[in-house]
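When a ligand or atom number is given, it counts from 1 through the structure's own listing order.
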Amino acid sequence: MSEIGLHVTHSANKSWTVRNVQPVEYDVVLCDDVLDPANQAILPVPAQGRARRLVVVDANVDALFGQAIRAYFDGNDVEHRVLVLEPGEINKTVEASIRVTTAMDDFGVDRRREPVIAIGGGVLLDVVGYACSIYRRATPFVRVPTTLIGLVDAGVGVKTGVNANGHKNRLGTYFAAERTLLDRKFLTTLPRRHVSNGLAEILKIALIKDRELFDLMEATGEHVLEAKMQRGPGSVDPALEIIDRAIHGMLTELQPNLWEKTLERVVDYGHTFSPSLEMVALPALLHGEAVCIDMALTTCLGEQRGLVTEEERRRVLELMTRLELPTWHPLLTTDLLQRALADTVRHRDGQQRLPLPVGIGSACFVNDVSPQELADAAAALEAFELAQESAVRA
Ligand SMILES: NC(=O)c1ccc[n+]([C@@H]2O[C@H](COP(=O)([O-])OP(=O)(O)OC[C@H]3O[C@@H](n4cnc5c(N)ncnc54)[C@H](O)[C@@H]3O)[C@@H](O)[C@H]2O)c1
């Protein structure tokens with residue numbers, strides 16, 4: 001078998017094996033002023049005729065950038081329709097995706113030449129991605145993330161999904177967008193808490209594979225949070241380096257395993273207990289916040305196992321606090337932890353495959369975490385939280 005193609009084997013006992021390979025190629029591009037009508041990144045010039053686009057926008061983004069979005073398409077003489085979707089995790093539903101497919105029908109999207117444009121946070125990108133993957137089995141789309149989670153995580157991989165049956169992302173597909181355009185200027189209007197939320201996913205990459213990124217975040221964390229990841233005065237631009245390293249680290253892990261056939265994925269770090277926690281705490285906890293609590297828990301577990309020193313654990317939890325991220329939650333009960341682990345085991349083919357930190361910047365996988373260890377780690381976290389609270393009060 002030398003090249004991509006259809007391979008049919010007609011064997012003696014009359015069975016056929018069909019084998020094919022689907023190449024995947026998409027671009028993730030850092031760019032400035034994506035809504036400047038002179039910028040053709042969203043909209044390469046059409047080969048013929050007047051361009052048409054269905055644009056799907058998060059309601060909060062529409063309130064802030066709706067005029068600029070419409071001016072962009074008007075300015076480029078593009079026939080367009082804007083569909084506005086309600087924001088937030090509770091609206092990440094199959095019904096929202098169906099609304100997108102209905103708008104695609106109403107607008108009469110020509111799937112060969114009219115990619116849908118998705119402008120919003122991780123929720124909107126996942127909802128539109130899911131809709132595009134099922135609409136006529138595949139309709140191209142372009143992602144323009146407007147949150148930090150979108151820029152460094154939801155906008156760079158190939159997963160789409162909606163919540164269902166009380167579970168996070170229970171329905172979803174692997175479906176690559178044609179292109180993702182990353183313009184960090186959108187973050188200037190993002191509430192501070194959502195910047196912290198995105199920093200949690202960046203911290204994940206730092207903790208499991210990029211010690212230099214951790215050092216950089218430790219040195220500049222409060223500053224980049226305050227600046228909402230924008231360039232400061234002068235030539236130094238730590239926020240750009242942080243975003244750049246986070247995306248590079250993420251894509252380095254995702255690319256060889258796009259369809260997640262290998263179940264031991266370091267990028268699952270922080271995602272073992274957090275899906276269950278996030279859903280029971282909804283809407284109080286944001287995605288990155290739940291991920292951060294999971295990482296804090298597994299850092300304590302790592303310390304209990306001698307994989308992380310006390311000093312390293314202290315630095316990690318302190319950085320989380322400085323990034324204004326939670327490290328504990330009252331719903332982090334032994335019962336929830338065990339149910340979450342059981343759910344994860346089911347999805348990791350019967351084994352825990354739990355990524356644990358090794359020092360700062362590297363990870364290993366374990367399959368033998370016991371309920372007692374989990375309870376001890378949660379108790380250690382709670383003690384850290386109480387100590388923090390009394391330090392603040394003093
Ligand atoms: N597909 C993936 O690989 C992947 C990866 C990571 C996360 N996700 C998903 O992403 C979601 C979280 O994404 P999120 O944190 O972006 O949440 P989100 O999409 O809900 O956006 C957060 C909030 O910010 C608002 N908002 C968006 N852009 C704004 C802007 N520029 N200015 C002001 N407000 C703005 C939104 O309206 C919303 O209220 C979760 O559902 C998670 O499962 C998916």
Just checking, Arg111 and Tyr135: is the charged tip under 6.0 Å from the six-membered ring centre and within 45° of the axis? no
Can you tell whether the side chains of Glu264 and Arg348 come within less than 4.0 Å, N to carboxylate O? no
Please state which protein non-hydrogen atom is closest to atom 35 (C) of ligand 1 and give its distance, to 0.1 Å? Leu190 CD1, 3.6 Å
Relative to the heavy atoms of Lys168, which atoms of ligand 1 are at a distance of less than 4.0 Å? 40 (C), 41 (O), 42 (C), 43 (O)
Give a yes or no on whether a salt bridge exists between Asp106 and Arg99, defined as a side-chain N under 4.0 angstrom from a carboxylate O. no
For ligand 1, find out whether one of its N or O atoms is nearer than 3.5 Å to an N or O atom of Val123. yes
Looking at Pro87, Pro145, Gly129, Ala154, the heavy atom closest to atom 4 (C) of ligand 1 belongs to Ala154
Walk me through it: do His271 and Glu201 pass the test side-chain hydrogen bond (donor to acceptor under 3.5 Å, both in side chains)? CA-CA 10 Å; His271 292 70; Glu201 290 282 8; 3.3 Å; yes
For ligand 1, which part of Leu286 has a heavy atom less than 4.0 Å away: the side chain, the backbone, both, or neither? neither
So which bit of Asn169 gets within less than 4.0 Å of ligand 1, heavy atoms only: side chain, backbone, both or neither? side chain
Can you name the atoms of ligand 1, numbered from 1 with element, that are less than 4.0 Å from a heavy atom of Asp153? 5 (C), 6 (C)
Interatomic distance, Arg52 atom CZ to Glu114 atom CD [nearest 0.5 angstrom]: 4.5 Å
Can you list the ligand 1 atoms lying under 4.0 Å from a non-hydrogen atom of Leu64? 32 (N), 33 (C)
May I ask you to list the atoms of ligand 1 that are less than 4.0 angstrom from any heavy atom of Phe65? 31 (N)
Considering only heavy atoms of Lys92, which atoms of ligand 1 have at least one such atom less than 4.0 Å away? 9 (C), 40 (C), 41 (O), 42 (C), 43 (O)
Salt bridge Arg170-Asp343, side-chain N to carboxylate O under 4.0 Å: yes
Under 4.0 Å between a Lys/Arg side-chain N and an Asp/Glu carboxylate O for Asp105 and Arg136? no
Please write down residue, atom name and distance for the protein heavy atom closest to atom 36 (C) of ligand 1. Asp58 OD2, 3.4 Å
Are side-chain heavy atoms of Leu35 and Phe65 found at a separation under 4.5 Å? yes
Electrostatic pair Glu311-Arg314, nearest N-O below 4.0 angstrom: yes
Looking only at protein heavy atoms, which one is nearest to atom 15 (O) of ligand 1, and how far off is it? Asn197 ND2, 3.2 Å
Decide whether an N or O pair under 3.5 Å exists between Thr160 and ligand 1. no
Charged N to carboxylate O below 4.0 Å: is that the case for Asp237 and Arg184? yes
Considering only non-hydrogen protein atoms, determine which one is nearest to atom 44 (C) of ligand 1 and report residue, atom name and distance to 0.1 Å. Asp126 OD2, 3.1 Å
Tell me: protein heavy atom nearest atom 28 (N) of ligand 1, and distance? Thr146 OG1, 2.7 Å
Would you mind checking which non-hydrogen protein atom is closest to atom 39 (O) of ligand 1, with the distance to 0.1 Å? Asn60 ND2, 3.2 Å
With heavy atoms of Val61 as the reference, note each atom of ligand 1 found under 4.0 Å away. 27 (C), 28 (N), 29 (C)
May I ask you to identify the nearest protein heavy atom to atom 23 (C) of ligand 1, giving residue, atom name and distance to one decimal place in Å? His194 CE1, 3.5 Å
Do any N/O atoms on Glu278 end up under 3.5 angstrom from N/O atoms on ligand 1? no
So for atom CD, which belongs to Gln67, do other residues, nucleotides or ligands contribute more than 12 heavy atoms lying within a distance under 6.0 Å? no
4.5 Å side-chain heavy-atom contact, Ile42 and Arg53: no
Proximal atoms of ligand 1 relative to Thr189 (non-hydrogen, under 4.0 Å): 30 (C), 31 (N), 32 (N), 33 (C)
Can you sort out which atoms of ligand 1 are near Glu89, meaning under 4.0 Å from one of its heavy atoms? 40 (C), 41 (O)
What's the shortest distance from atom 10 (O) of ligand 1 to any protein heavy atom, and which residue and atom give it? Gly122 CA, 3.3 Å
For a side chain to side chain contact (heavy atoms under 4.5 Å, CB included) with Pro357, tell me which candidate from Val308, Val316, Leu207 qualifies. Val308
Using a 3.5 Å distance criterion without hydrogens, assess whether the side chain of Thr189 forms a donor-acceptor pair with backbone atoms of Phe186. yes
Would Phe186 count as being in polar contact with ligand 1, using the rule that some N or O on each side must be under 3.5 angstrom apart? yes
